[in-house]
Amino acid sequence: MSEIKNIAMIAHVDHGKTTLVDKIMFHCQLFRDNENKGDLILDSNDLERERGITILSKNVSVEYKNYKINIIDTPGHADFGGEVERVLNMADAAILLVDAFEGPMPQTRFVLKKALDLKLKPLVVINKVDKENCRPEEVYESVFDLMFDLGAEEWQLDFPVLYGSAKNNWMGHDWTNPTNSIEPLLDMVVNQVPAPEIKEGNTQMLITSLDYSSFTGRIAIGRLNRGTLISNMNVSLVDRNGGITKSRIKELNVFDGLGRRKVDQIEAGDICAIIGLESFNIGDTIADAFEPEALPTIDIDEPTMSMLFTINDSPFFGKDGKFVTSRHIKERLEKELEHNLALHLDTTDSTDKFLVFGRGVMHLSVLIETMRREGFELQIGQPQVIIKNIDGVKCEPIESLTIDLPENLSGKAIEMVTLRKGEMVSLENKGDRMLCKFIIPSRGIIGLRNQLLSNTAGQAVMNHRFIEFQNFKGEIPSRINGSLISMESGSAVPYALDKLQERGKFFVFPNEEVYTGQVIGENIRMNDLVVNITKTKKLSNVRASGTDEKVSLAPPIKFSLEEALEYIQSDEYVEATPNHLRLRKIFLDENQRKRNANK
């Protein structure tokens, strides 16, 4: 049997993890020469390809010089940190990718701390050395300083380093002298990554991931810590609370390339998939049938944000989606909880409203977008941060915020962040760009990205990471402009839109169907304004002298799901259906809104 090496790819978002895994697969000849697999092969999910980010961690296995290398590709976005936390248990070492220009970023710190805490050996790859103004030596020093800050042990600080460009398919020890392949990286993995530590004792395996097949049902994925697993073997399942259930393994698979291969036996140290187990969850231990011993379960950082999910009760409900009832939504959310460990679900006093807790707006918006594509219709309330009482003091989540933008625009960004109770930590010059670092309440980040991109002509790059709970920072100014609300149901008439253009900006196209109480635009003033955009021009039998004036309409603003969630006020919902995203008031009737406002 070939020797096993288990490695995890960790990095900040967009530092090149998935691209590097692609190059490793091509180098190890996982595909035929005439097979065109494209790029970012592991980002197979539609949402991942559209957004250009990794959302779910993936396993792939390659053979190199008689070694079997199990690679785990992880997400880089802070909102999907829960994925990283649970899969790092399967690795013995972590390849930390760092951009040669940007250096260590907020999420680099988060994933590196998790890897160091689990006593994984770090291997550093300084990627993208082909970038203009790159500074590989400085970045190497800052990675060392970061490890020292995070309390790395002496053996972890003695980490090997390679420089290269995953996109251009080369790695080497000297960044000024490019090689012609990524072989130095694979050699580093073979020589530096320790073999899995196999302890004496009976069977123990922690379930760190789930898969599903419509033929075989749920599949448990994890790394076998000790002992052996054999097909048709009886085992015990030990849950988080110590409860023991007897079960039986029907089939064993190991990872082979991008797929899985059926085997009869698994040796300790390998990552495998088990078919046939009943009622298990992530964090459970598969143990010996007669003398079960549990492994420490997976600890996941707690959520920082919540949103209200409710059924779609607008006049247009049921026109787009297949699943519209509260039962459907509840079942789908409970199913999501099985593998999305950073997600929590709470019921409310109403049977058709659910509180969903997550890591951030993006974490929850990916769930909503997935549900939309599956045919669900639902409505979502304004994102709320989780406020805690710690020793009688009101506390809120605080995040580290990094903004990378052109030097001449940095003043605007600093002003916007300080208005939202942000405190500047450092200001660093990188060529013609500035890197501004702040500490800011999570409440202040909601809606900041849209404003920042508008004021910097789309040139700002914003990243943030949860640090801790601190004392409540006081009120933060919310959206200044009020909403334009539809008075009537019907089609939006170009004539009416033209006459109301001076009142604000619209979110609907001409002839688009609207309903009473729908938010159809943004008022130029602070208050909400009810307008009738279904009103047509009055026609008479008197012939007009001259012609009608030409209607010239500004294009409507169309929000993405995240932008819509960050835009709405506390008395508004986002209505998400498979084909439409609409904003609406919670109370559609104007009189009811007024009565509610006076309470």
Side-chain angles (χ1 to χ4, degrees), residues 6-13 15 17 57 72 74-99 102-127 136-162 188-189 192-194 196-197 206 208 223 225 295-302 304 341-342 359 390 395 397-402 423 425-426 428 435 437-440 442 463-470:
N6 297 319
I7 56 167
M9 292 277 180
I10 59 172
H12 183 78
V13 65
H15 279 197
K17 297 178 295 297
S57 58
I72 306 156
T74 64
H77 204 286
D79 285 21
F80 309 112
E83 284 282 314
V84 184
E85 289 168 280
R86 66 180 173 81
V87 297
L88 281 178
N89 285 309
M90 294 196 277
D92 297 300
I95 294 181
L96 176 73
L97 270 87
V98 188
D99 188 301
E102 291 183 349
M105 296 292 280
Q107 184 68 357
T108 312
R109 187 183 186 94
F110 172 80
V111 291
L112 183 57
K113 182 170 187 349
K114 295 289 173 193
L116 295 175
D117 289 349
L118 286 167
K119 301 285 184 277
L120 300 186
K121 183 178 176 68
L123 316 177
V124 175
V125 173
I126 293 172
N127 193 22
E137 281 97 352
E138 282 178 52
V139 169
Y140 170 72
E141 293 297 329
S142 51
V143 170
F144 185 88
D145 294 343
L146 175 61
M147 288 212 194
F148 189 78
D149 284 351
L150 292 173
E153 294 178 20
E154 204 166 313
W155 62 273
Q156 289 173 319
L157 288 170
D158 184 24
F159 55 85
V161 65
L162 281 178
M188 180 171 80
V189 168
Q192 298 282 350
V193 174
E197 186 187 341
L206 188 69
T208 48
R223 188 179 85 168
N225 271 37
L295 282 162
T297 191
I298 301 169
D299 286 328
I300 299 287
D301 288 355
E302 56 195 48
T304 57
L341 290 195
R359 283 280 177 88
I390 301 173
C395 295
I398 302 291
E399 307 209 14
S400 151
L401 171 69
T402 309
E423 297 168 23
V425 178
S426 69
E428 198 181 322
L435 190 69
K437 293 186 179 175
F438 304 90
I439 286 175
I440 183 171
S442 294
N463 291 291
H464 55 93
R465 177 185 65 87
F466 169 71
I467 311 173
E468 61 182 356
F469 279 84
Q470 287 183 12

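Since the model is a prediction, treat every value here as computed from it, not as a measurement.
- With rounding to the nearest 0.5 Å, the separation of CD in Q192 from CD1 in I95 is 11.0 Å.
- Looking at residues two or more places apart in sequence or on another chain, you find no side chain to side chain donor-acceptor pair (under 3.5 Å) involving E423.
- Residues passing the salt bridge (Lys or Arg N to Asp or Glu O under 4.0 Å) test with E138 are R135, sequence neighbours excluded.
- D92 pairs by the side chain to side chain donor-acceptor pair (under 3.5 Å) definition with N6, R223, not counting sequence neighbours.
- The shortest heavy-atom contact between P75 and V84 is O-CG2, 3.5 Å.
- With S400 contributing its side chain and H464 its backbone, the two residues share no donor-acceptor pair below 3.5 Å.
- Remark: T74 pairs with no residue by the side chain to side chain donor-acceptor pair (under 3.5 Å) rule, at least two apart or across chains.
- Checked against side chain to side chain contact (heavy atoms under 4.5 Å, CB included), F148 has the following partners two or more places apart in sequence or in another chain: L157.
- Counting only distance, with no hydrogens or angles, the side chain of H12 and the backbone of Q107 share a donor-acceptor pair below 3.5 Å.
- Annotation: the span from L96 atom CG to N127 atom CG amounts to 11.0 Å, rounded to 0.5 Å.
- Under the salt bridge (Lys or Arg N to Asp or Glu O under 4.0 Å) criterion, K114 pairs with E85, D301, not counting sequence neighbours.
- Other residues, nucleotides and ligands place no more than 12 heavy atoms under 6.0 Å from the CD atom of E197.
- With sequence neighbours excluded, the residues satisfying side chain to side chain contact (heavy atoms under 4.5 Å, CB included) with T297 are R240.
- Atom NZ of K119 sits about 6.5 Å away from atom CD of Q156, to the nearest 0.5 Å.
- Distance alone, capped at 3.5 Å, places no donor-acceptor pair between the N225 side chain and the L206 backbone.
- Taking each heavy atom of L123 and P160 in turn, the nearest pair found is CD2-CG, 3.6 Å.
- To the nearest 0.5 Å, the span separating NZ on K113 from CG on D149 amounts to 11.5 Å.
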#### Entry: Derivation of the side-chain contact (heavy atoms from CB on, under 4.5 Å) call for L150 and R109
CA-CA 8 Å; L150 292 173; R109 187 183 186 94; 4.1 Å; yes
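- Atoms CD1 and CD, on I467 and E399 in that order, are 8.0 Å from each other to the nearest 0.5 Å.
- Applying the ring-ring contact (aromatic ring centres under 6.0 Å, His included) test to F110 and every residue at least two apart in sequence or in another chain returns nothing.
- Annotation: salt bridge (Lys or Arg N to Asp or Glu O under 4.0 Å) contacts of K437 (sequence neighbours excluded): none.
- Residues forming a salt bridge (Lys or Arg N to Asp or Glu O under 4.0 Å) with D145 (at least two apart in sequence, or on another chain): none.
- Nearest heavy atom pair, residue A11 against residue V111, reads N-CG2, 4.0 Å.
- Listed here is the closest heavy atom pair of A342 and R359: CB-CG, 3.9 Å.
- Shown here are the side chain to side chain contact (heavy atoms under 4.5 Å, CB included) partners of A115, two or more places apart in sequence or in another chain: I10, L88, A94, L120.
- Looking at every heavy atom in both residues, K121 comes nearest to D158 through NZ-O, 4.2 Å.
- We find the CD-OG1 distance between E102 and T108 to be 8.5 Å, quoted to the nearest 0.5 Å.
- Among all heavy-atom pairs drawn from V98 and P104, the shortest one is CG1-N, 3.6 Å.
- Partners of E154 according to the side chain to side chain contact (heavy atoms under 4.5 Å, CB included) rule, which considers only residues two or more places apart in sequence or in another chain, do not exist here.
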